[in-house]
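Presented below is the structure to which this report refers.
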There are 2 protein chains.
Amino acid sequence: MVNMTIKEIAEILGVSTATVSRVLNKSGGYSDKTEKRVLSVLEKYNYQTNVMAKGLRTKSTKSVAVILPDMANEYFAKIALAIENYLMPKGYSINIYNTSADINKEQVILRDLQSRGVDGIIYISGDQGLPNESLKHNIPVVCVNQLEDLGQEVTVIESDNNHGGYLATDLLLKNGCQNILLLRDERHIIPVDERQKGYEKALKENHKPVKDDLIRRISFDVTEAQRSIEEVIKEGIMFDAVFASSDLLAIGALKALQKKELKVPNDVQVIGFDNVTFSMYSNPSLSTIHQDTQELGTQAAKYLFDWMEKSILPSHSRTVIPVGLVKRETTK
Amino acid sequence: MVNMTIKEIAEILGVSTATVSRVLNKSGGYSDKTEKRVLSVLEKYNYQTNVMAKGLRTKSTKSVAVILPDMANEYFAKIALAIENYLMPKGYSINIYNTSADINKEQVILRDLQSRGVDGIIYISGDQGLPNESLKHNIPVVCVNQLEDLGQEVTVIESDNNHGGYLATDLLLKNGCQNILLLRDERHIIPVDERQKGYEKALKENHKPVKDDLIRRISFDVTEAQRSIEEVIKEGIMFDAVFASSDLLAIGALKALQKKELKVPNDVQVIGFDNVTFSMYSNPSLSTIHQDTQELGTQAAKYLFDWMEKSILPSHSRTVIPVGLVKRETTK
DNA sequence: GCCATTTACGTAATCGTTTACGTTTCATAA
DNA sequence: TTATGAAACGTAAACGATTACGTAAATGGC
């Protein structure tokens with residue numbers, strides 16, 4: 001069945017299109033009686049407003065763009081899902097843009113956003129920071145994660161990475177570990193650096209030295225993590241715990257330890273970061289720091305919504321979402 | 001910088017909007033000279049066409065909806081990603097709709113699709129089949145996966161589940177297994193049933209009986225899988241291999257076996273289905289059947305594209321994508 | 001040079017809404 | 001009764017593109 005237009009509805013009722021539009025938008029200027037008549041006909045013919053026509057006139061498409069590195073990555077996907085769950089019931093539709101790998105894709109995306117006239121953008125950073133250009137188009141932008149310092153210009157929602165690093169390290173220390181290896185992403189990005197700062201803070205609080213040869217920087221890759229741990233063992237460096245800056249790296253560490261017949265958690269304790277679904281299923285199941293992707297997405301969506309609909313510019317440019325300690329089998 | 005309109009561009013050039021529109025759409029009816037002049041001005045002012053205005057006129061939004069159960073599930077996300085990678089370079093944008101959990105969300109989505117005027121729909125089935133209504137709106141629909149028999153009415157892209165089941169079982173048999181436990185999703189949906197048929201086919205070809213007490217139907221859940229295997233062991237049923245109808249269930253089986261101190265693959269061999277990322281990282285790494293999500297998505301997108309742009313109705317209503325055997329450490 | 005085509009462009013209607021402005025209706029007060 | 005104001009509704013111009021149709025200019029053939 002093809003859609004009705006406002007004009008057709010108006011003709012059926014013997015009123016003007018203006019009246020129909022008014023009751024559709026509840027903008028007043030009609031009697032109770034006509035409201036009921038109009039509504040019943042709209043209902044009867046299952047009228048759906050044509051968003052393009054409406055958008056052309058009002059310059060609002062009721063759609064937001066979610067830009068992320070890779071939706072096949074559970075972490076980003078979960079955040080995007082939370083965004084959708086918040087925004088869909090409010091009448092918005094979500095356009096997903098994967099930036100992955102392609103550098104000039106960013107350009108294509110920005111052009112597309114502009115010509116489609118999205119009402120807002122949520123930018124989830126992973127590999128690279130927010131491109132400055134996207135701020136130039138005077139359309140609301142909210143960022144999840146902050147990779148580089150962008151000043152006060154943008155609204156950022158992020159996990160409490162520092163405290164996460166602290167929590168993980170503190171647990172290991174409380175469990176009696178003396179030499180905690182930090183296995184971290186080699187890139188200089190804020191979230192990872194913050195996790196390391198939390199690690200160092202916990203050590204200092206417990207009057208332990210921060211040893212450079214216990215801090216390993218590697219690329220974000222499972223086999224790299226595995227190789228790195230094997231290397232450390234070969235070098236004869238003593239350690240009784242591994243804090244990996246992500247679950248993926250922790251899994252690699254786990255594999256290396258199990259290959260070397262080291263018992264987890266008896267010989268070496270391991271803790272990751274993120275709490276991806278699989279960390280629960282590994283064997284032994286992985287202790288980790290939970291990132292609240294649900295809340296990251298919801299908060300970002302909420303800020304964007306208020307900005308778009310009520311023109312409320314977020315009051316604080318940084319919002320920090322708490323993280324949680326998840327104890328499983330790789331720690332005591 | 002705010003966007004230019006065709007009218008403004010035309011005024012700058014001293015031509016009509018029609019001429020500008022014509023060179024924009026390369027529809028002919030202009031000289032080489034004016035084409036160059038127009039293009040240079042378009043370039044200079046970084047003109048972006050307003051998709052809403054264009055869509056209103058042409059009734060095409062250059063956007064497609066991807067409906068899936070849950071984008072946080074890697075399997076669905078990968079298919080959606082492949083769709084995006086195919087369709088974005090062709091000028092389409094992707095609207096993602098998660099149906100998860102919410103029954104009446106399906107209704108909301110369908111209404112939204114209609115009022116937004118998407119040019120096409122790709123429906124990725126997971127938990128539930130395609131709702132009939134979506135076919136009524138005379139807009140191109142392509143389905144990935146087929147849960148129930150829908151007749152010839154729809155275009156379906158799916159993995160060769162039957163052959164996957166066969167490959168998995170055949171490997172186990174060739175490895176000398178005598179009693180292969182089939183751990184399957186309890187739901188009566190085609191993909192799972194087909195995997196079982198492949199399992200039975202391999203057994204019959206090797207003159208082995210299909211034993212009912214070796215076929216376990218459980219809900220789609222890791223701990224359920226674990227529980228089920230523990231139960232089988234408690235019942236004293238002999239088995240030397242497990243073929244799980246998905247990697248998730250295989251992981252559960254693995255956990256149960258390791259808890260019972262059964263060695264994988266020496267005492268029991270295990271093989272899953274899907275080849276999710278994590279199957280590679282489990283310990284021991286999981287042998288499995290690879291579903292080509294890349295190809296599933298690309299093919300679906302290709303069919304939809306031809307349908308939308310060239311009005312080519314897909315010639316065969318079912319397209320089967322080959323699966324592959326991935327041997328890792330849980331099989332010999 | 002003249003007529004017939006073809007080419008190049010302009011004019012204006014159209015897509016389906018919203019909304020400023022104008023008009024009618026009606027209740028109320030003087 | 002009549003003036004007054006509010007309430008209810010209609011008219012028509014936008015929003016920014018596309019495109020059928022008309023017209024002027026260029027081209028070609030004789």
Side-chain angles (χ1 to χ4, degrees), chain A residues 1-39 41-42 45-63 91 111-119, chain B residues 1-39 41-42 45-63 91 111-119:
Chain A
M1 183 57 82
V2 79
N3 265 2
M4 283 260 147
T5 72
I6 255 189
K7 198 174 169 188
E8 293 167 319
I9 298 284
E11 266 165 18
I12 291 170
L13 283 158
V15 300
S16 73
T17 62
T19 300
V20 179
S21 174
R22 280 192 272 255
V23 347
L24 272 171
N25 297 299
K26 303 190 200 312
S27 46
Y30 45 82
S31 66
D32 289 357
K33 193 174 55 182
T34 49
E35 178 179 18
K36 286 201 187 84
R37 283 184 59 224
V38 173
L39 284 178
V41 172
L42 287 173
Y45 291 94
N46 188 33
Y47 170 83
Q48 314 272 29
T49 117
N50 179 319
V51 261
M52 283 172 292
K54 180 166 187 163
L56 178 59
R57 188 57 228 250
T58 61
K59 288 164 179 350
S60 150
T61 49
K62 290 278 181 182
S63 68
R111 292 183 77 93
D112 198 63
L113 293 184
Q114 210 176 134
S115 76
R116 285 185 189 279
V118 297
D119 293 347
Chain B
M1 183 60 80
V2 80
N3 265 1
M4 285 260 147
T5 71
I6 252 189
K7 198 172 168 190
E8 292 168 318
I9 298 285
E11 266 165 17
I12 291 169
L13 283 158
V15 299
S16 73
T17 61
T19 301
V20 178
S21 175
R22 279 191 271 255
V23 348
L24 272 171
N25 296 298
K26 303 192 201 311
S27 46
Y30 45 81
S31 67
D32 288 358
K33 193 174 53 183
T34 48
E35 179 180 19
K36 285 200 187 86
R37 283 183 59 224
V38 173
L39 284 178
V41 172
L42 288 172
Y45 291 94
N46 189 32
Y47 171 81
Q48 314 272 29
T49 119
N50 180 319
V51 261
M52 283 171 292
K54 180 167 187 162
L56 179 58
R57 190 57 229 255
T58 62
K59 285 159 184 351
S60 150
T61 49
K62 289 278 182 184
S63 68
R111 291 183 77 93
D112 198 63
L113 293 185
Q114 209 176 136
S115 79
R116 284 184 190 278
V118 296
D119 293 347

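A note on names: the letters A, B, ... follow the listed sequences, proteins ahead of strands, and every chain is numbered from 1. Computed from a prediction, not measured in an experiment: that's the story for all the values here.
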Discussion item. At a heavy-atom distance below 4.0 Å, which nucleotide of DNA chain D is the first touched by chain B, and which is the last?
Written reply: D:dG16 to D:dT19
Worksheet item: How would you label the contact of A:Gly117 with the nucleic acid (heavy atoms, under 4.0 Å): base, sugar-phosphate, or nothing?
Response: nothing
Worksheet item: Where along residues 27-37 of chain A does a heavy atom fall under 4.0 Å from DNA chain C?
Response: none
Practice prompt. Report the distance from atom CD of A:Gln48 to atom OG1 of A:Thr5, rounding to the nearest 0.5 Å.
Written response: 13.0 Å
Discussion item. Regarding B:Val51, tell me which of base, sugar-phosphate or nothing describes its non-hydrogen contacts under 4.0 Å with the strands shown.
Written reply: nothing
Worksheet item: Could you give the distance from CG (A:Asn50) to CD1 (A:Ile6), rounded to the nearest 0.5 Å?
Response: 10.0 Å
Worksheet item: Roughly how far, to the nearest 0.5 Å, is the OG1 atom of B:Thr61 from the CZ atom of A:Arg116?
Response: 7.0 Å
Worksheet item: Once you round to the nearest 0.5 Å, how far does CE of B:Met52 lie from NZ of A:Lys59?
Response: 7.0 Å
Worksheet item: What is the distance from atom OG1 of A:Thr19 to atom CD1 of A:Ile9, rounded to the nearest 0.5 Å?
Response: 13.0 Å
Worksheet entry | Chi angles and distances behind the side-chain contact (heavy atoms from CB on, under 4.5 Å) call for A:Thr34, A:Val23 | CA-CA 9 Å; A:Thr34 49; A:Val23 347; 6.0 Å; no
Item to complete: Could you check if a side-chain atom of A:Met4 sits within less than 4.5 angstrom of a side-chain atom of A:Asn46, using non-hydrogen atoms only?
Response: no
Worksheet item: Between OG of B:Ser115 and NZ of A:Lys54, what distance do you get to the nearest 0.5 Å?
Response: 9.5 Å
Worksheet entry | Test item: B:Val20 and B:Lys7 side chains (from C-beta on) under 4.5 Å apart, heavy atoms | no
Fill in: Heavy-atom side-chain proximity of A:Val15 to A:Tyr30 below 4.5 angstrom
no
Expected rows: protein N/O vs nucleotides 13-16 of chain C N/O, under 3.5 Å:
| from | atom 1 | to | atom 2 | distance (Å) |
| --- | --- | --- | --- | --- |
| C:dT14 | O2 | B:Arg57 | NH1 | 2.8 |
| C:dC15 | O3' | B:Lys59 | NZ | 3.2 |
| C:dG16 | N2 | A:Ala53 | O | 3.4 |

